[in-house]
Amino acid sequence: MIYRNFQGESLSMLGFGAMRLPTVNGIEANIDEILAQKMVDEAIVNGVNYFDTAWGYHDGNSEWFMGKALKRYIRSSFFLATKFPGYDLSSFGRHEEIFEKQLEKCQVSYFDFYLFHNVCELNIDAYLDNDTYKTYDYLMEQKRNGRIRHLGFSAHGTLETMKRFLEAYGSDMEFCQIQLNYLDWEFQNAKEKVELLNEYHIPIWVMEPLRGGKLARLSEEQENMLQALRPEAKIPSWAFRFLQTIPEVTMILSGMSDEAQLLDNIQTFETEQPLSEAELKVLFQIADEMTGKTTVPCTACRYCTSHCPQGLDIPYLLELYNEHTFTKDFAFIAPMALQALTPDKQPGACIDCRSCEAVCPQKIKISEILSDFNHKVN
């Protein structure tokens, strides 16, 4: 197992994500505890020592399960992470109630790692309103009291939203968890997010390394391109090797839903094999092919915005549309971001005047796309 040093502690670079545990009959809340326990045990035997859960995973049952699964092990032998559920605005003001319940569910007296969960456009104002909600004050108090050993945040929001959070709390953040993979390096501005975190000297935790499984199954042509470079390498391993190439990455979380996935990932993390420049070039070519088939070629030149009588931020809406269209069944980022906009700034506010289309260098049928977007999210 590859390990990374974090403030003098040795963390397995592969983290066990408890968001996609095996279930009974496909029911999210009904974790198959026998299979999931076997996976936890297998992970520990093979050197995994970092376990990540959250208040809302598996309809609230992930923390309960992880508490039971890890109870049989010496507390100092593993690192446990969970999060304040800021993705749900009703959580604000309930930090003490939620935190105490999380300790109870996980059957621990402290958390090794605790996160402000999912900093994004929907909740950034609430997270920053410490006078009203006091979320930051409370979590810092728990850290001083030893009930949180390391405090950080996760982010699905834009670069600008991350900047706002870091400007307020960056000096106290010890790590940050972002969606990072070779597809999102450009598609979701992950490269810029890495650079931003570098400015604050904040180590990176990775979520969605396989992009919800999309990077585990490529087209036959794309798989052949990779196998020509590393014949022995399985396709999912390429996504992990990409992350091993980024020096700022400390922790890579994988939400594994069966034992086969777990064992494959453990095998990948037995050795460190970063990618060459030539291999990176092929990966980015594959990423461009994947996104190019379904996304709108907006370059954010912003000619359209100066001609929109509704004052819509069209490039931002098209960016959200691309994310939503590409992600399909697992799409949540775009609907969440749209909730932060007033109705007069959402896709449905387009009046189909086509003034924007008259000046679009890419000849994008913007009004049709915004109509389709509005239909998909409503």
Axial cation check for Trp55 ring with Lys101, 6.0 Å and 45° limits:
no
Is it the case that Lys214 places NZ or CZ above or below the six-membered ring of Phe326, under 6.0 angstrom from the centre and within 45 degrees of the axis?
yes
Would a hydrophobic clustering, with Ile, Leu, Val, Met, Phe, Trp and Tyr connected at side-chain separations under 4.5 Å, put [X] with [Y]?
| X | Y | value |
| --- | --- | --- |
| Met251 | Trp185 | no |
| Leu338 | Ile369 | yes |
| Leu210 | Met256 | yes |
| Trp205 | Met1 | no |
| Val206 | Ile246 | yes |

Please tell me if the side chains of [X] and [Y] come closer than 4.5 Å, counting only heavy atoms from C-beta onward.
| X | Y | result |
| --- | --- | --- |
| Ile204 | Ile178 | yes |
| Ile44 | Leu70 | yes |
| Val108 | Leu103 | yes |
| Phe175 | His150 | yes |
| Asp288 | Glu186 | no |
| Leu317 | Leu341 | yes |

Linked hydrophobic residues, Val45 as query - side chain contacts closer than 4.5 Å
none
Inter-residue atom distance [X].[atom1] - [Y].[atom2], 0.5 Å rounding:
| X | Y | atom1 | atom2 | answer |
| --- | --- | --- | --- | --- |
| Phe242 | Asn181 | CZ | CG | 7.5 Å |
| Arg241 | Ser276 | CZ | OG | 13.0 Å |
| Phe99 | Glu141 | CZ | CD | 10.0 Å |
| Gln7 | Glu174 | CD | CD | 4.5 Å |
| Ser154 | Gln179 | OG | CD | 11.0 Å |
| Met140 | Asp137 | CE | CG | 9.0 Å |

Please report the shortest heavy-atom distance between [X] and [Y], naming the atom on each side.
| X | Y | answer |
| --- | --- | --- |
| Gly146 | Tyr110 | O-CB, 3.4 Å |
| Leu312 | Thr305 | O-CG2, 3.8 Å |
| Gln37 | Ala69 | OE1-CA, 3.1 Å |
| Phe240 | Thr268 | CB-CG2, 3.9 Å |
| Met162 | Ala155 | CG-CB, 3.8 Å |
| His58 | Leu21 | NE2-N, 2.9 Å |

Evaluate salt bridge (Lys or Arg N to Asp or Glu O under 4.0 Å) for Arg230 paired with Glu279, printing each intermediate quantity in order.
CA-CA 9 Å; Arg230 296 193 185 195; Glu279 289 171 329; 2.8 Å; yes
Examine Phe153 together with Tyr169 and report whether their ring centres are nearer than 6.0 Å.
no
Is there a salt bridge (Lys or Arg N to Asp or Glu O under 4.0 Å) between Glu248 and Lys191? Walk through the geometry before answering.
CA-CA 11 Å; Glu248 297 84 0; Lys191 179 181 179 181; over 6 Å; no
Tell me, yes or no, whether the heavy-atom count around [X] atom [atom1], taken from other residues, nucleotides or ligands under 6.0 Å, exceeds 12.
| X | atom1 | result |
| --- | --- | --- |
| Lys234 | NZ | no |
| Glu221 | CD | no |
| Tyr303 | OH | no |

Which pairs, with at least one residue in residues 69-90 and sequence neighbours excluded, count as a ring-ring contact (aromatic ring centres under 6.0 Å, His included)?
Phe84-Phe92, Tyr87-His117
Is there a side chain to side chain contact (heavy atoms under 4.5 Å, CB included) between Glu208 and Met19 once you walk through the steps?
CA-CA 11 Å; Glu208 297 295 349; Met19 185 176 73; 3.9 Å; yes
Go through the steps for Leu159 and Lys193 under the test side chain to side chain contact (heavy atoms under 4.5 Å, CB included), then give the verdict.
CA-CA 6 Å; Leu159 187 68; Lys193 292 175 182 178; 3.9 Å; yes
Audit row: Asp32, Lys38, salt bridge (Lys or Arg N to Asp or Glu O under 4.0 Å) steps and yes/no:
CA-CA 10 Å; Asp32 188 325; Lys38 185 178 180 182; over 6 Å; no
Tyr50: which of Tyr3, Phe16, Phe113, Phe6 passes ring pair (Phe, Tyr, Trp, His ring centres under 6.0 Å):
Phe113
Would you sort out whether Glu272 and Arg4 count as a salt bridge (Lys or Arg N to Asp or Glu O under 4.0 Å), showing the intermediate values?
CA-CA 11 Å; Glu272 194 159 1; Arg4 285 286 186 265; 2.5 Å; yes
I'd like to know whether Val48 forms a side chain to side chain contact (heavy atoms under 4.5 Å, CB included) with Asn265, so could you lay out the CA-CA distance, the side-chain angles of the two residues, the decisive distance to 0.1 Å, and finally the verdict.
CA-CA 11 Å; Val48 175; Asn265 289 352; over 6 Å; no
Go through the side-chain N and O atoms of Thr161 and Glu121 and say whether any donor and acceptor fall under 3.5 Å apart.
yes
Could you tell me if Thr158 and Glu160 have a donor-acceptor pair between their side chains, going purely by distance under 3.5 Å?
no
Derivation of the side chain to side chain contact (heavy atoms under 4.5 Å, CB included) call for Tyr321 and Asp372
CA-CA 9 Å; Tyr321 176 82; Asp372 181 53; 2.8 Å; yes
